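What follows is a set of notes on a single structure, which appears directly below.
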There are 2 protein chains.
Amino acid sequence: MKLDEMPTDQLSRTFAALADPTRRAMLARLAAGEATVGQLAEPFALTFAAISKHLAVLEAAGLVSRGRDAKYRPARLDAAPLAAASVWIGDYEQFWKDSLGALDSYLTRLQQGERS
Amino acid sequence: MKLDEMPTDQLSRTFAALADPTRRAMLARLAAGEATVGQLAEPFALTFAAISKHLAVLEAAGLVSRGRDAKYRPARLDAAPLAAASVWIGDYEQFWKDSLGALDSYLTRLQQGERS
DNA sequence: ACTACATTCAACCAATTAGTTGAATGAAAT
DNA sequence: ATTTCATTCAACTAATTGGTTGAATGTAGT
């Protein structure tokens with residue numbers, strides 16, 4: 001399958017999953033290796049149920065898969081959807097690459113106006 | 001500013017903006033050049049107000065800026081937030097790059113199971 | 001001044017989301 | 001068999017989202 005035949009809602013689910021800072025932090029944690037719900041919950045002031053729901057969102061996006069290790073259900077990172085998202089964004093690369101320093105000045109603007 | 005000091009909710013707004021297929025299509029249209037609300041609305045069975053709202057979301061994410069040309073308010077693509085998103089995703093590159101063909105097999109799996 | 005047209009505002013609606021609490025399930029350990 | 005512990009389910013809530021309709025605003029043309 002070519003990327004542009006990829007079901008559009010799968011890309012939507014991926015971006016939607018990445019839109020939440022808690023979920024991005026969970027992915028960052030999983031980049032260091034498998035983790036249980038409990039371990040994933042530890043940095044947050046959230047219930048296990050909330051973390052469990054976030055995991056379900058990540059799983060529906062294909063970003064995480066779960067295993068079974070005794071009573072634990074360890075989650076592992078599955079990066080393929082990130083590759084797909086990266087390819088999608090890559091189509092726009094020319095729009096920031098040729099106006100050199102566009103990212104820098106964007107970040108500077110953010111920092112100053114502190115609102116888009 | 002370093003990317004990792006970028007306000008987290010700005011990245012969230014960017015990913016959230018990209019999570020909607022209508023908005024992604026609007027960005028694709030804008031990649032071909034400036035466009036008015038009317039022109040952006042044309043491919044969709046949506047009201048102008050709906051398109052206007054989508055534009056507001058894109059603008060809040062910093063992905064679009066607006067001008068004034070007679071009675072029109074042309075929108076232009078502003079790709080810097082995409083650069084930021086690309087850098088963020090790039091941190092995970094090793095996770096699909098070293099397992100060669102991960103993207104391909106992900107797409108194949110999508111195509112077969114047609115559900116994550 | 002009036003009219004026409006592009007866009008936005010305001011109010012509303014249905015569906016989704018991120019969170020909670022409390023009960024249920026499943027596997028391990030005693 | 002019971003208990004313990006990790007995780008999930010169900011039901012509920014408040015806030016957000018994507019859409020609508022109809023009125024308001026802003027600019028241009030006659």
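Computed from a predicted structure; not experimentally measured. Throughout, a chain's letter reflects where its sequence line sits, starting with A, and its residues are numbered from 1.
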*Report which part of the nucleic acid A/Ala17 touches: base, sugar-phosphate, or nothing (heavy-atom distance under 4.0 Å, all strands).*
nothing
*With heavy atoms under 4.0 Å as the rule, sort A/Ala41 into base, sugar-phosphate or nothing.*
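Since no nucleic acid heavy atom lies under 4.0 Å of A/Ala41, the category is nothing.
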*Determine the minimum heavy-atom distance between A/Phe48 and A/Gly38, stating which atoms define it.*
CE2-CA, 3.6 Å
Rounded distance [0.5 Å steps], [atom1] in [X] versus [atom2] in [Y]:
| X | Y | atom1 | atom2 | result |
| --- | --- | --- | --- | --- |
| B/Thr36 | B/Tyr72 | OG1 | OH | 7.0 Å |
| B/Trp88 | A/Leu18 | CH2 | CG | 5.0 Å |
| B/Ile51 | B/Phe44 | CD1 | CZ | 6.0 Å |
| B/Leu63 | B/Met26 | CG | CE | 11.0 Å |

Integer-rounded Å distance: [N] [atom2] and [X] [atom1]:
| X | N | atom1 | atom2 | value |
| --- | --- | --- | --- | --- |
| A/Glu34 | D/dT7 | CD | P | 12 Å |
| A/Phe15 | D/dT17 | CZ | C1' | 19 Å |
| A/Leu40 | D/dA6 | CG | P | 14 Å |
| B/Leu18 | D/dT17 | CG | C1' | 16 Å |

*Of A/Leu46 and A/Asp69, the one whose closest DNA chain C nucleotide lies more 5'*: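 The answer here is A/Leu46.
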*Return the 5'-most residue of the pair B/Arg68, B/Val57 with respect to DNA chain D, ranking by each residue's nearest nucleotide.*
B/Val57
*Protein proximity profile, nucleotides 2-17 of chain C - base contact B, sugar-phosphate-only contact S, no contact -, cut-off 4.0 Å on heavy atoms*: ---SSSBB-B------
_Side chain of A/His54, heavy atoms from C-beta onward: which of D/dG19, C/dT20, C/dA18 has the nearest atom to it?_
C/dA18
*asked:* Among residues at least two apart in sequence or on other chains, which ones pass side chain to side chain donor-acceptor pair (under 3.5 Å) with B/Ser52?
replied: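 Applying side chain to side chain donor-acceptor pair (under 3.5 Å) to B/Ser52 gives none.
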